[in-house]
Amino acid sequence: MSRHQAYRNYDYENDLDEFEGDDGLEDEEEELSPEDRAQMDAGTAQVRTALGIESSKITTQQIQEALWHYYYDVDKSVTYLTTKFIAPLVKKKEDEATEQHISYASFFDDMPWLNISKDRQTIFIAPPRTRGGLLGGAGTPGKMSKLQALAAARKKKADDQKSEEKLHRVTQHLGNLSTTPGLPESTKENVPPFYPSPGEAADLTGADTPMIPENVAFEQVQVSNERLQDQPGTIENQPDQQPPPPEIATPSPFARALLRPTNSSTLSSPKTYPFPYMNVTSSSADAFSAPSPDDVVLKAQSQASSKKAAAPASKKKADPGIKSAEATTDSMNNLKIDDAPLPKSKNLDVLKEFQKTQSKKSASFVVVGHVDAGKSTLMGRLLLDLDVVDQRTIQKYRKEAESIGKSSFALAWVLDQRSEERSRGVTIDIATNKFETDTTSFTILDAPGHRDFIPNMIAGASQADFAILVVDATTGAFEAGLKGQTREHSLLLRSMGVSRIIVAINKLDTVGWSQERFDEISQQVSGFLSATGFQLKNVSFVPVSGLLGDNIVKRTTDEAARWYDGKTLVEELESSEPMARALHKPLRLTISEVYRSTQSPTTISGRIDAGSLQAGDALLVQPSGEKAYVKSLELDQEPVDWAVAGQNVVIHLSNIDPIHIRVGDIVCDTKHPIACIDTFTVKILAFDILMPMQVDVHRGRLHAAGQIVEMPALLDKVKGTVTKKKPRIVKPGSVARVVVKMGAKVPLEAGQRVVLRSGGETVAAGLLE
């Protein structure tokens with residue numbers, strides 16, 4: 001039964017019956033085990049014994065609930081039942097607090113308020129009371145006994161003595177407090193204000209001058225309720241009676257300690273306090289207006305260095321040769337990178353120079369095939385037989401290969417120079433080498449056969465004039481390769497524009513140089529090459545043995561192979577014609593490597609696809625748009641003045657930062673630059689089902705992400721006419737026009753070949769329109 005059907009048939013009511021609370025305590029009693037029931041009965045009896053007579057006020061159910069809650073703890077259960085049911089605590093009602101009158105007059109005794117004029121002084125007046133006094137008691141306080149009065153008088157006297165002693169001690173310590181000693185008394189900031197006594201205040205009431213100086217911090221006026229009550233009558237009985245004059249509160253000890261009293265002569269002249277730092281001398285106030293000592297030292301050092309640079313090296317008369325040497329040294333020291341002279345061009349006619357010096361034709365070929373077909377070993381044997389690599393080097397490689405258990409890989413190590421390639425036994429990146437025959441100078445491009453390195457194989461095929469397809473003749477290996485990379489490599493070769501292909505049937509010595517095996521492989525390979533688009537007149541088959549060197553440079557001496565009377569592999573290479581060179585088109589060079597050399601911090605290498613260049617030329621690198629100059633050129637590790645299309649050249653650049661150059665970029669002419677686009681239309685041949693989807697775009701070393709956004713039409717394979725507009729999908733083997741949107745702008749132009757891959761498989765290839 002499936003999981004969803006089990007949930008569909010799930011009975012919720014059966015499982016939720018235990019959560020229904022209809023049975024109450026009856027279910028709980030039934031759930032008690034015999035041990036719990038015995039412990040519950042014993043606890044109930046103990047609780048009733050502890051409560052005694054009061055146990056009649058509670059029920060057995062209440063006792064059992066308490067015991068169950070407190071886990072049969074008798075003491076806690078008894079306490080809970082007593083406080084809950086027998087003698088509950090009764091909250092006493094709070095008596096309503098009688099309204100009391102609170103006076104806040106004494107709150108402001110020690111608060112300074114700056115200067116308050118007489119007309120703005122606040123007078124607190126007791127609010128009128130209802131006739132008959134306050135509710136709930138008499139209006140006058142109760143009488144005090146003689147003993148209470150005597151105790152109050154003694155306490156007041158002791159407090160007064162204590163306050164006077166404390167005031168005298170604090171005043172003695174803080175009497176001479178001042179921030180500006182040595183100045184006259186009238187200019188001190190801490191001059192204490194004058195506080196008159198109540199008698200003196202009464203004498204000064206009618207004076208014109210203010211009774212309190214401006215610098216006095218506080219003036220307190222208070223009228224007590226008791227004094228109003230002692231006066232005859234009430235406010236209602238005497239509405240026209242004026243309130244008594246306010247009394248000035250006595251200054252607190254803390255205020256008298258801070259502001260000591262002065263003579264009464266200062267009353268007529270209010271005290272004013274100057275702002276802080278007003279008495280500071282001008283020299284101190286201007287201390288920060290001048291430069292700091294550090295600034296003075298730094299300025300002096302800079303002036304000294306400038307004078308030293310400007311001054312002549314010696315005041316004595318020097319020799320003219322010494323003067324010229326010093327001038328040259330100074331000019332070299334002042335020379336900047338931006339001022340470095342640009343390389344000068346010789347203004348050569350490169351095409352004429354090429355025609356004059358052309359002695360041998362040059363060609364490049366790529367070696368492709370399924371993994372472990374023996375491609376690197378075959379090329380290593382070729383170089384060994386042509387004396388490009390000496391026997392001593394091969395012996396060294398064989399000894400190193402035997403140390404890691406791969407003695408048969410010695411010839412392959414001629415091209416596989418990387419440690420990772422040697423340890424894994426597979427070619428990872430394009431390996432290049434050169435050799436010459438009597439008529440042609442060849443460049444070998446050994447491509448990887450593993451499917452994970454197809455982008456590197458595409459980069460090698462884009463630089464080749466023709467190709468060598470290596471096929472493993474051993475039983476089972478050919479069939480596996482035909483389903484694997486042998487077929488895919490053939491499709492990619494034709495898609496990149498390679499029309500000439502040489503099929504090297506390798507390892508034929510393992511099957512005894514069987515002619516039947518050779519014919520079988522030739523027929524099958526011819527069939528799918530013809531279906532791919534190759535013309536059979538451009539396809540050649542050569543039986544070889546890469547490990548033994550048979551039919552590579554020299555013919556085999558094995559009697560079993562005498563049935564083959566065709567050309568050797570080198571003879572087939574010499575009979576192959578390279579592609580036509582686009583010498584008259586603008587310069588286009590795809591960067592294969594970027595590295596640093598002794599001649600230049602920025603050195604690039606690659607194959608010139610079109611045009612020509614010479615030392616001193618200005619170049620433009622796309623898509624960065626940076627300009628550079630050719631400092632020098634190298635061809636076959638030899639310095640040259642110029643290079644043309646079809647040659648693999650090393651260029652030492654100047655006046656450009658290496659961060660602006662990446663593998664796959666295009667070097668072009670500044671007058672005819674290649675455009676950088678992010679959307680293009682391509683006419684493709686589909687190898688798999690196509691629809692609007694994500695793809696990887698490959699063009700030589702360029703590898704960028706894109707997306708098929710539109711498929712405008714299906715085309716006829718022969719005529720190129722539109723057979724169907726806007727198809728939903730493109731079937732394998734069909735020719736279609738699609739629009740590709742790139743994630744970033746890349747240098748592309750019409751006529752270039754691109755390959756579209758998705759999910760590690762080649763899905764289409766074609767030409768830009």
**Q.** For Gln622, side-chain hydrogen bond (donor to acceptor under 3.5 Å, both in side chains) partners two or more places apart
**A.** none
Q.
Strictly below 4.0 Å, N to O, side chains only: are Asp465 and Arg500 in salt-bridge contact?
A. no
(Q) Can you give me the closest heavy-atom contact between Phe534 and Val498, atom names plus distance? (A) CE2-O, 3.2 Å
Q) Take atom CD1 in Ile729; do more than 12 heavy atoms of anything else shown fall under 6.0 Å from it? A) yes
Q) Between Val649 and Glu634, what is the shortest heavy-atom contact and its length? A) CG2-O, 3.3 Å
Q: Inspect the contact between Lys741 and Asp678 and indicate whether a charged nitrogen and a carboxylate oxygen are less than 4.0 angstrom apart.
A: yes
Q | Any donor-acceptor N/O pair, Ser734 side chain to Lys731 backbone, under 3.5 Å | A | yes
Q: Sequence neighbours left out, what passes salt bridge (Lys or Arg N to Asp or Glu O under 4.0 Å) with Asp349? Give chain and number order.
A: Lys352
(Q) With side chain to side chain contact (heavy atoms under 4.5 Å, CB included) as the test, pick out the partner of Leu573 among Ile468, Thr440, Thr437. (A) Ile468
(Q) With a 3.5 Å distance limit and no angle check, can you tell me whether Asp716 reaches the backbone of Lys719 through a side-chain donor-acceptor pair? (A) yes
Q) Within a radius of less than 6.0 Å around CD of Glu769, do more than 12 heavy atoms belonging to other residues, nucleotides or ligands occur? A) yes
Q) Which word best sums up how the rings of Phe442 and Phe435 line up, parallel for under 30°, tilted for 30 to 60°, or perpendicular for over 60°? A) parallel
Q: Could you tell me whether Glu488 and Arg757 have a side-chain N and a carboxylate O separated by less than 4.0 Å?
A: yes
**Q.** Sidechain N-carboxylate O distance under 4.0 Å for Glu749, Arg588
**A.** yes
Q | Thr486 side chain vs Gly369 backbone, donor-acceptor pair below 3.5 Å | A | no
Q.
I need the Lys585 NZ to Ser612 OG distance, nearest 0.5 Å.
A. 14.0 Å
**Q.** Under 3.5 Å donor-acceptor, Gln463 side chain and Gly460 backbone
**A.** no
Q. How long is the span from the CG atom in Leu620 to the CG atom in Asp665, to the nearest 0.5 Å?
A. 10.5 Å
**Q.** Spatial distance of atom OG (Ser526) from atom CZ (Phe541) [nearest 0.5 Å]
**A.** 3.0 Å
